[in-house]
Trainee: 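Questions regarding the structure given below will be posed in turn.
None of these values were measured; they are calculated from a predicted model. Lettering of chains follows the sequences in order, A, B, ..., and the numbering in each one begins at 1.
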Number of protein chains: 2
Amino acid sequence: MSKRIQKRDATLSKQRIITHAVELFSQKGYASASMDELARRSDLNKAMVFYYFKNKKGLYEAVMREVLLEIQKSILEENKNYNTPQEELESFIRTYAKFAFTHPYLPSLLLKELSDSGAVIHEMLFISMRQLFALFCDILKRGEEKGCFREVQPMVVYFMVLGTLNLMVTTHSLRLKASQLDDIKVDTCANCSSEEIAAYVLDNIERIIHKEISQ
Amino acid sequence: MSKRIQKRDATLSKQRIITHAVELFSQKGYASASMDELARRSDLNKAMVFYYFKNKKGLYEAVMREVLLEIQKSILEENKNYNTPQEELESFIRTYAKFAFTHPYLPSLLLKELSDSGAVIHEMLFISMRQLFALFCDILKRGEEKGCFREVQPMVVYFMVLGTLNLMVTTHSLRLKASQLDDIKVDTCANCSSEEIAAYVLDNIERIIHKEISQ
DNA sequence: TCTATAATTAACTAACCAGTTAATTAGTTA
DNA sequence: TAACTAATTAACTGGTTAGTTAATTATAGA
């Protein structure tokens, strides 16, 4: 009920909605995210959501576009700093890991979508995801041509990277809880830092794709 | 509206509900699964759902229990036939893959839960998941002690297996679609069989954990 | 200062949803 | 067959949801 203090500012209002929507969708999922609650969180009238994004699906697509473009940008930009396939691969994995751990809504939103073959937004997610995958494939191919990587099934290796990193993020609280119980003693990597996890995933992937193995 | 033909049979009705609920929850997710639709699909009165399972969450827990016990049983039973860590690991991966591909609701339900740190059913999923993970850890540990596996971070390797296999199942239709487009040529493993994928994941995991690498 | 337009609002609707209730039917047993 | 119980039903409720509408503000340009 708090009266708006700020002046009118379309782009700012729009951004407020997106920002809170990213959080809300990643916390509750598409179906359980309520537009009433979003309006409350954003401290804006609900009609504004529909004024700017037409409907819930439109908002969700805008959210996914934002998030996917952001990670894509990070990886592509970081990639420029390297020029051997090995370095590029390392950069890809480290950058994704860093982003995923500092922006945990990304793994949450991504896994929610992928657990349902792109239930809500097939088309767009799809294109953006494919571009990232295409870069990954390109790195692998150039590594192969250079003779430093062996031939692998890129899709499987890609999911080994993304699937693992995403799950390590989304299960963080679950793994912490598991480590505190002591009926079964298992190491759930509960206190590993994102850098440790990234380094570990990277090491494993290198063992999979490198031709000469330094044991 | 079709009048029930069958005689009254409590266990059968209950099983009808579970069976259709597994399908519905895996297709739509917890929030979007409607009890009205479930009743329609099961060809039973909606009140029966609440008569047998108290509420929606109770039904969901019953569904997850059913599904998790089923996969657990498969893996444990198959495991009995082997007695070296290498064979056991191979059996674990192959059995999970086979089950996941023939019962695609499992990856869908699992990823939905894990994308949200066990949003709906923390406790139970948790215990069942941990038992499976404990078996995996045990296999790795015995392999280590025998000197045939190197020391690894079990949680990460576990997610490399489950995460990858689950994603390969849930994204199947998406990968098929991607392979049919030809703006970017990428191999999405669209026509790989479940055995091929299992073999490929297994091969990669072996490269990660085996001490002597047969190049 | 007038005016056109963009941004914002409160109040509303129609559909849907989980869950309840009270009555009814079919099997079972004494 | 009478009486008891378990299974089943139709009809309902209260709350929530996405989306709409028509009126109202603020702002910028002429």
Trainee: Does a side-chain N or O of B:Tyr51 approach OP1 or OP2 of D:dA7 to a distance below 4.0 Å, or not?
Mentor: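 Looking at the OP1 and OP2 atoms of D:dA7, one of them is under 4.0 Å from a side-chain N or O of B:Tyr51.
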
Trainee: Nearest whole Å is fine: how far is D:dT9 P from B:Leu44 CG?
Mentor: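 Atom CG in B:Leu44 sits about 7 Å away from atom P in D:dT9.
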
Trainee: Once you round it to whole Å, what is the distance between C1' of D:dT20 and CG of A:Asp36?
Mentor: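 My rounded result for the distance is 13 Å.
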
Trainee: Can A:Glu78 and A:Tyr96 be counted as having a side-chain donor-acceptor contact under 3.5 angstrom?
Mentor: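 Side-chain D/A pair, A:Glu78 to A:Tyr96: absent.
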
Trainee: Does atom CG of A:Asn191 have more than 12 heavy-atom neighbours, drawn from other residues, nucleotides or ligands, at distances under 6.0 Å?
Mentor: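 Atom CG in A:Asn191 is not packed in, count stays at 12 or less.
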
Trainee: Any side-chain N or O of B:Tyr52 below 4.0 angstrom from OP1/OP2 of D:dT8?
Mentor: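 Yes, within the criterion.
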
Trainee: D:dA7 P sits how many Å from B:Phe53 CZ, rounded?
Mentor: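 Rounded to the whole Å, the gap is 12 Å.
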
Trainee: Rounded to whole angstrom units, what separation is found between the CG atom of A:Asn55 and the P atom of D:dG19?
Mentor: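 Taking atom P of D:dG19 as the reference, CG of A:Asn55 is at 5 Å.
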
Trainee: When all nucleic acid strands are considered with a 4.0 Å heavy-atom cut-off, which category describes A:Met48: base, sugar-phosphate, or nothing?
Mentor: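 Answer is base: heavy atoms of A:Met48 come under 4.0 Å of a base.
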
Trainee: Side-chain donor or acceptor of B:Asn45 under 3.5 Å from a matching atom on the base of D:dA10?
Mentor: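 When only heavy-atom distances are counted, B:Asn45 does reach the base of D:dA10 through a donor-acceptor pair under 3.5 Å.
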
Trainee: Taking only N and O in the side chain of B:Ser13, is any of them less than 4.0 Å away from OP1 or OP2 of D:dT8?
Mentor: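 True: B:Ser13 side-chain N/O within range (under 4.0 Å) of D:dT8 OP1/OP2.
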
Trainee: In terms of heavy-atom contacts, does CG of A:Asp183 have more than 12 from other residues, nucleotides or ligands at under 6.0 Å?
Mentor: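 Check passes, neighbour count above 12.
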
Trainee: Tell me: NZ of A:Lys46 to P of D:dA18, nearest whole Å?
Mentor: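 Answer to the nearest Å: 7 Å.
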
Trainee: Can you tell me which nucleotide in C:dT20, D:dA18, D:dT25 comes closest to the side chain of A:Arg8?
Mentor: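 Among C:dT20, D:dA18, D:dT25, the one nearest the side chain of A:Arg8 is D:dT25.
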
Trainee: Which whole-number value in Å describes the distance from B:Phe50 CZ to D:dC12 C1'?
Mentor: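 Interatomic distance, CZ of B:Phe50 to C1' of D:dC12: 14 Å.
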
Trainee: Just compare C:dG19, D:dG19, D:dT9 and give me whichever is closest to any side-chain atom of B:Ala47.
Mentor: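 Per side-chain heavy atoms of B:Ala47, the pick is D:dT9.
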
Trainee: Could you tell me whether the side chains of A:Asn166 and A:Thr164 share a donor-acceptor contact shorter than 3.5 Å?
Mentor: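 Per modelled atom types, A:Asn166 and A:Thr164 side chains form no pair under 3.5 Å.
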
Trainee: Which base, if any, makes a Watson-Crick or G-U wobble pair with C:dT13, both distances under 3.5 Å?
Mentor: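 Answer to the pairing question: D:dA18, which forms a Watson-Crick or G-U pair with C:dT13.
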
Trainee: Nearest whole angstrom, please: distance from the P of D:dA10 to the CZ of B:Arg40.
Mentor: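 Taking CZ of B:Arg40 and P of D:dA10, I get 14 Å after rounding.
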
Trainee: Nearest-nucleotide wise, let me know which of A:Ala33 and B:Ala10 is further upstream toward the 5' end of DNA chain D.
Mentor: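 Taking each residue's closest nucleotide, the earlier one in sequence belongs to B:Ala10.
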
Trainee: Counting only distance, no hydrogens or angles, is the base of C:dG19 paired donor-acceptor with the side chain of B:Lys56 under 3.5 Å?
Mentor: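 Under the 3.5 Å cut-off, the side chain and the base do not form any donor-acceptor pair.
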
Trainee: Taking CE from A:Met35 and P from C:dA15, how many angstroms apart are they, rounded to a whole number?
Mentor: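 In whole Å, C:dA15 P lies 21 Å from A:Met35 CE.
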
Trainee: For A:Cys189, give me all partners under disulfide (SG to SG under 2.5 Å), at least two apart in sequence or on another chain.
Mentor: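 Partners of A:Cys189 by the disulfide (SG to SG under 2.5 Å) criterion, ordered by chain and then number, come out as A:Cys192.
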
